[in-house]
Structure formats: C-alpha cells, structure tokens
Amino acid sequence: KAGVTQTPRYLIKTRGQQVTLSCSPISGHRSVSWYQQTPGQGLQFLFEYFSETQRNKGNFPGRFSGRQFSNSRSEMNVSTLELGDSALYLCASREGQAGTDTQYFGPGTRLTVL
Amino acid sequence: TQLLEQSPQFLSIQEGENLTVYCNSSSVFSSLQWYRQEPGEGPVLLVTVVTGGEVKKLKRLTFQFGDARKDSSLHITAAQPGDTGLYLCAGDRYNQGGKLIFGQGTELSVKP
C-alpha cells in the first residue's frame, strides 16, 4: 500500500497570504489528523477528521481550518499567514477512530512565511 | 506547560554506548507511542505500548510503559550511527481520538 502523501512538499508564502495543503491518506484509512511541527513548540495537534466531520480540534486560532472529502482526502487552509506559521505541517492517517488504531505520518509540507 | 516531558533533549554518544530516553507526565495515557523522525521526513512509528508495566523489545531497542501509565522509557543498547535521529514519545489520552500529545523530542547523534 502506498503511504500517506502530502502536497506540496515545500511552499513559500508572504505574510497576509493564504495557503492550502493537501493530504491523501493510506487507502482504506478514514481518519486524518493534522499537526504543526516547529523547533520551539514541537509537534502540536491541529485537528482530526473522520467521515468528512471534524472530530477533534487543538488550540489554534480560527485562521487554521480544514476539511475532508468523501474519498478521505483532506485539506487544511491557513488564512492571513503570519511569520510564526512557518513550520512543517504533518498529516497522519489511521484506519478508524479506535484508540488502538496506529497513526501513520506523511513526509510533511514545509511552509515558509516571509 | 508541556504535558509530556521528554529528556534529555539532546544526546551525543559514541558508537557502542547505551542510552535511555525518558518520557514523563502527571497525566494518565491509554497508550503511548514512540516515533523516530529523520530530517525532512515525517515520524515513523517504532512501537505502541498500551498496558501498564509493559515491556517491548525491538532488536536493540527496549520500551517500557510505567505501571501507572504516566511515563515511558526507551533504552538503546550498543547504539549505532544508524540510530541517529529525533526520537519522539506521544501519548493518547482517553476519549481524545486521534489527538496525540507529543513530547519535545530527543535529538540523538551517534558518532562512529
């Protein structure tokens, strides 16, 4: 099976712009979670989607949003970009919502905000 | 406040040495995972521990989950340069779904 794929891998934007990142989960996986990774804060949970519904949300401002499509693919959007949004954005998929379902991570999208 | 405290943050050792990484919390977790991440890549799962007191071995790596399910450790025996990378512990709290709580990570460098 192909792993989790994320596009694009690298992105450079300027302050005030918006950006959309895409994630394709492992075939058969219906849950997709998004994380932000920075040197200072480490990995922080953004949100989780299951069956096109947001199931859980982290402590991020409303500028961060996401959605999931019927084929389980997910996108996250960040509006009005700030310098502090520069980070590696990771997507993880898992089969279902059971606590024992393992999360598999994609390679991430490196976002740089200038 | 970091919910999962991971230590040490940096570790530089010689090939053949042993090391232990700790992951501590005041909270109880339903399970705890250990990941390894290489530069430019996403974290790769090494192991999941779910039972208090559980010990799992993966070749030279030994993982332990505390009896109270609040802490965990990763022990590497006879480290090799190929073990170099960022090691992350991540806890799954009850009824939190896919929201993993990560430690800050341990940057391990093994010199030949």
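Every chain is numbered from 1, with letters handed out A, B, ... down the list of sequences. Heavy atoms only: backbone and side chains are in, while hydrogens, waters and symmetry mates are out.
- Under the side chain to side chain contact (heavy atoms under 4.5 Å, CB included) criterion, B/Gln9 pairs with B/Gln104, sequence neighbours left out.
- Heavy atoms only, all atoms of each residue included: B/Glu41 and A/Leu88 are closest at O-CD2, 4.4 Å.
- Applying the side chain to side chain contact (heavy atoms under 4.5 Å, CB included) criterion to A/Ser33, with sequence neighbours excluded, gives A/Tyr35, A/Phe45, A/Glu48, A/Gln103.
- Atom CG of B/Leu88 is separated from atom CZ of A/Phe105 by 8.5 Å, given to the nearest 0.5 angstrom.
- Following chains of ILVMFWY side-chain contacts shorter than 4.5 Å, one can reach B/Val49 starting from B/Leu61, so the two form part of one hydrophobic cluster.
- Heavy-atom neighbours of B/Lys57 NZ from other residues, nucleotides or ligands within 6.0 Å: at or below the threshold of 12.
- Around the OH atom of B/Tyr22, the shell of radius 6.0 Å holds no more than 12 heavy atoms that belong to other residues, nucleotides or ligands.
- Using a 4.5 Å heavy-atom cut-off against chain A, no residue of residues 67-77 of chain B qualifies as contacting.
- Neither the backbone nor the side chain of A/Gln6 comes within less than 4.5 Å of any heavy atom of chain B.
- No chain of hydrophobic side-chain contacts below 4.5 Å, direct or via other Ile, Leu, Val, Met, Phe, Trp or Tyr residues, connects A/Phe60 to B/Phe102.
- For the residue pair B/Pro43 and A/Leu43, the shortest heavy atom distance occurs at CG-CD1, 4.4 Å.
- No single ILVMFWY cluster, assembled from side-chain heavy atoms under 4.5 Å apart, contains both A/Ile26 and A/Val32.
- Heavy-atom neighbours of A/Arg15 CZ from other residues, nucleotides or ligands within 6.0 Å: at or below the threshold of 12.
- Clustering ILVMFWY residues whenever any of their side-chain heavy atoms sit less than 4.5 angstrom apart, transitively, puts B/Val44 in a cluster other than the one holding B/Leu58.
- Listed in order of number, the residues of residues 65-77 of chain A that approach chain B to under 4.5 Å between heavy atoms amount to none.
- Cluster membership for A/Leu81 and A/Leu21, using ILVMFWY side-chain heavy atoms within less than 4.5 angstrom, is shared.
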